[in-house]
Amino acid sequence: MWEIYAGMPWWVKWIAVPVIAIFVFGGLIASVIGFVIGLLFKVLVFVVLVGGLIFVVRKFTSSSSSRGDW
């Protein structure tokens, strides 16, 4: 198989085969890329929300401890 592939012209190796692969596996590739981007977005939202929560808790805790109401 590799001997046949090695004997092909350059345009078959570098243009035709990748185009056929994208045509056949395009939906799968798009699904994987969409899943990865969605996962990264969810991780980013999680980090921002946890960071905001930590910021609010520290600000509230530092202001309430300085008042001495507790």
Side-chain angles (χ1 to χ4, degrees):
M1 182 70 180
W2 286 109
E3 294 85 16
I4 296 171
Y5 183 74
M8 294 288 173
W10 68 269
W11 60 270
V12 172
K13 295 180 200 175
W14 297 104
I15 296 174
V17 172
V19 167
I20 293 171
I22 289 173
F23 179 74
V24 171
F25 298 108
L28 177 66
I29 294 169
S31 297
V32 170
I33 290 173
F35 174 75
V36 169
I37 290 174
L39 186 65
L40 289 175
F41 179 73
K42 289 178 182 179
V43 168
L44 180 65
V45 168
F46 176 75
V47 168
V48 168
L49 288 174
V50 169
L53 178 67
I54 291 172
F55 175 77
V56 167
V57 167
R58 282 191 170 180
K59 189 155 183 77
F60 178 75
T61 304
S62 67
S63 66
S64 65
S65 64
S66 63
R67 285 191 322 221
D69 292 344
W70 299 88

Hey, quick one: are [X] and [Y] part of the same hydrophobic cluster, counting side-chain heavy atoms closer than 4.5 Å, chains of contacts allowed?
{"X": "Ile22", "Y": "Val24", "value": "no"}
{"X": "Val17", "Y": "Met1", "value": "no"}
{"X": "Trp14", "Y": "Trp11", "value": "yes"}
{"X": "Tyr5", "Y": "Ile20", "value": "no"}
{"X": "Ile15", "Y": "Phe23", "value": "no"}

Using the rule side-chain contact (heavy atoms from CB on, under 4.5 Å), only one of Val56, Val50, Val57 pairs with Leu53; which is it? Val57
Using the side-chain contact (heavy atoms from CB on, under 4.5 Å) definition, which of the options Val48, Leu49, Val43 pairs with Val45?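 Considering Val48, Leu49, Val43, a side-chain contact (heavy atoms from CB on, under 4.5 Å) with Val45 is found only for Leu49.
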Closest heavy-atom pair and its distance - Lys13, Pro18: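 Heavy atoms only, the tightest pair is O-CD, 3.5 Å.
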Count the heavy atoms of every other residue, nucleotide or ligand shown that sit under 6.0 Å from CG of Leu40, and state whether that count exceeds 12.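 Atom CG in Leu40 is crowded, with more than 12 foreign heavy atoms closer than 6.0 Å.
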Here the gap from Ile33 atom CD1 to Leu28 atom CG, rounded to the nearest 0.5 Å, amounts to 9.5 Å
